[in-house]
Asks: 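Pasting a structure here, questions to come.
Counting convention: from 1, in listed order, for ligands and their atoms alike. This one's a predicted model, so the numbers in the text were calculated from it and none came from an experiment. Side chains are part of it too, since the values below use all heavy atoms of this structure and drop only hydrogens, waters and symmetry mates.
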Amino acid sequence: MTADGGRLPVAGPAEVRRAAGRLVRADGRAVVGMLLLNVLAAASGLAGPWLLGRIIDEVRAGRGIGTVDRLAAAIALCALAQLLLTRWARYAGHRFGERTLARVREEYVDRALALPASVVERAGTGDLTTRGTADVAAVGTTLRDAGPELLVCSVQALFTLAAVFVVDPLLGAVGVLGLTPIWCALRWYLRRARSAYLDQSAADSEVAESLASTAAGARTVDAFRLAARRTTASRGALATARRTRFHTLYLRTVFFPVVEVSYSLPVAGVLLLGGVLHGRGMVSLGAVVASALYLRQLTEPLDEILIRVEQLQSSSASFARVEGLAQAPQAVPEGSPVPADDRIDVTGVRYAYERGGEVLRGVDLTVRPGERLAVVGPSGAGKTTLSRLLAGVDAPSAGTVTVGGVPVADLAPETLRRQVVLVTQEHHVFLGTVRDNLLIAEPAADDEELWAALAAVGAADWVRELPGGLDAVLGGDGCRTDGSKAQQLALARVVLADPHTLILDEATALLDPTTARHTERALAAVLRGRTVIAIAHRLHTAHDADRVAVMEDGLLTELGTHEALVTGDGAYAALWRTWHGTPADDR
Ligand code: ADP
């Protein structure tokens, strides 16, 4: 299955079974041990009713108190053995569950981290988060409780049923026949439950997504007075969630009452038929009592099994969503090619977002290694989109973007990051020390290199003032980092990563104009010899560049040096004149 309409994929039933099999095999010895303990526990549980039947038959045969005492003591011993063995089996089950859950979690994190940014962007982080939290937790509950409990009860139920057959095959047959309504109810339920629970989880994700995006864009929502629209969207998501929940609730309200009523049928059947058969001298009273007791005893594991099967349904839907990540498009194509050099070629590039028309309508551009290129143009012209394609965040709908002859989107993340790095206005400060935040870019860097990188972006002073310097903890309960500090840290990471090509898209927009200018100059010094493509919002960046590209309405309309473009009479010349006319403080 593939991602449809940008959504993350969900694993199909066969894939879920395969994944579950893989988890069981990964801990095969523990599973065999658990099975063995369960078999022993169930076997010791069977002795009770059988011994009770024996007591009745012995008493009717006129045996004395001694025999009854011995049999009663045996019943007590068996009950104790069953108690201890069942506890041990559960303990082994829980341990297995915890280990397996850890495996599922680790796999999920690995897969989530391996997802290409464009896939996460399209699917929305809400879905990814719901899968990693609510869905993994549901799988965890099953592995910890439902799975082991299901195993204990299934073995118990199977043994109990077999015991009735051993005592008397005819009574056994009546017992099994009495279970048919439960079987039918179970089939009815299972046929509907999977899709119902999948719908419910998808609706939950939608709620999370809707709330998360509203909260993340709260200021925009306020500024554009979108509150009513967002409320309607959230209400819609909540209504769907409510509807899907009611549907699963309906399934449960049909299933459980039918099952509850059906429990008494096998016992009633055995007592009726047993009475008749005993009257005709075909079975002993002990056998009838033992069979009835067995079937009565069956209620408990059966009840547990049905509850757990219900739980299994909802958690297997969760597991399908967790496992679905394995089928998401991967960031790393096997045997990723190696670029021949650092030249970037954009040829006939067109691009359209999932919703909306073409944003880039045939862009051709060659960026020479070591060149400083500024891209300017009105808002909405497609500059950011072009920078995303240049950085390999997304692949063009038509045409190619290559670095050293290799399509950027085909490069493995490790290779790509050495080649091209995109710095935007969205920065993330990771929970951890300043050092941790910087080492992500270059794990081998020593403190001297870290300080040099911080100095290059003008951040050395404030980091030095933090308690602990490089060891100061950022984020969470630690030091707060405002937008401009986060931006400086991101830029310091770039300095450390030292890519051949750096794309700056509003990378210094959060800094005040003077600091921005200083930082850009400092960065330029550090990145000497590197290719820098800057989406320029302040024209001094364009002035300092080797060449300027002007974008308008998805096309590259002008390309040349600052001087050549200013002397020409195109859009850039007009922009420059307007900008040059504004006071320096506002630039
Ligand atoms: P610029 O950086 O020049 O302002 P962009 O590349 O950000 O231009 O945007 C170009 C066009 O693409 C705009 O019309 C914008 O509305 C549209 N656009 C940008 N991002 C998305 C998106 N995620 N989905 C749909 N349309 C988008």
Asks: Tell me whether atom 5 (P) of ligand 1 lies less than 4.0 Å from at least one protein heavy-atom position.
Replies: yes

Asks: Quick one: side chain to side chain donor-acceptor pair (under 3.5 Å) pairs with a partner in residues 386-399, sequence neighbours left out?
Replies: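 For residues 386-399: Glu121-Arg388, Arg122-Asp394, Tyr351-Asp394, Arg388-Asp394.
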
Asks: Using a strict threshold of under 4.0 Å (side-chain N to carboxylate O), is an ion pair present between Arg577 and Asp569?
Replies: yes

Asks: With a 4.5 Å heavy-atom cut-off, do Val408 and Leu390 have their side chains touching?
Replies: no

Asks: Is the closest heavy atom of Ser387 to ligand 1 under 4.0 Å?
Replies: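 Flag not set, Ser387 not near ligand 1.
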
Asks: Taking only Lys NZ, Arg NE, NH1 and NH2, and the carboxylate oxygens of Asp or Glu, determine whether Asp204 and Arg245 approach each other closer than 4.0 Å.
Replies: yes

Asks: Taking only heavy atoms of Thr385 into account, list the atoms of ligand 1 that are under 4.0 Å away from them.
Replies: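 Every atom of ligand 1 under 4.0 Å from some heavy atom of Thr385: 5 (P), 6 (O), 9 (O), 10 (C).
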
Asks: Going by an N to O cut-off under 4.0 Å, is there a salt bridge joining Arg368 and Asp342?
Replies: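 No, no charged N to carboxylate O under 4.0 Å.
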
Asks: For atom 21 (C) of ligand 1, decide whether some protein heavy-atom distance is shorter than 4.0 Å.
Replies: yes

Asks: Enumerate the atoms of ligand 1 whose separation from the nearest heavy atom of Ser379 is less than 4.0 angstrom.
Replies: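 Counting from 1, the qualifying ligand atoms are 4 (O).
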
Asks: Using heavy atoms and a 4.0 Å limit, tell me yes or no: is Gly377 in contact with ligand 1?
Replies: no

Asks: Side chain or backbone of Val359 under 4.0 Å from ligand 1, or both, or neither, by non-hydrogen atoms?
Replies: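 Answer for Val359: side chain.
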
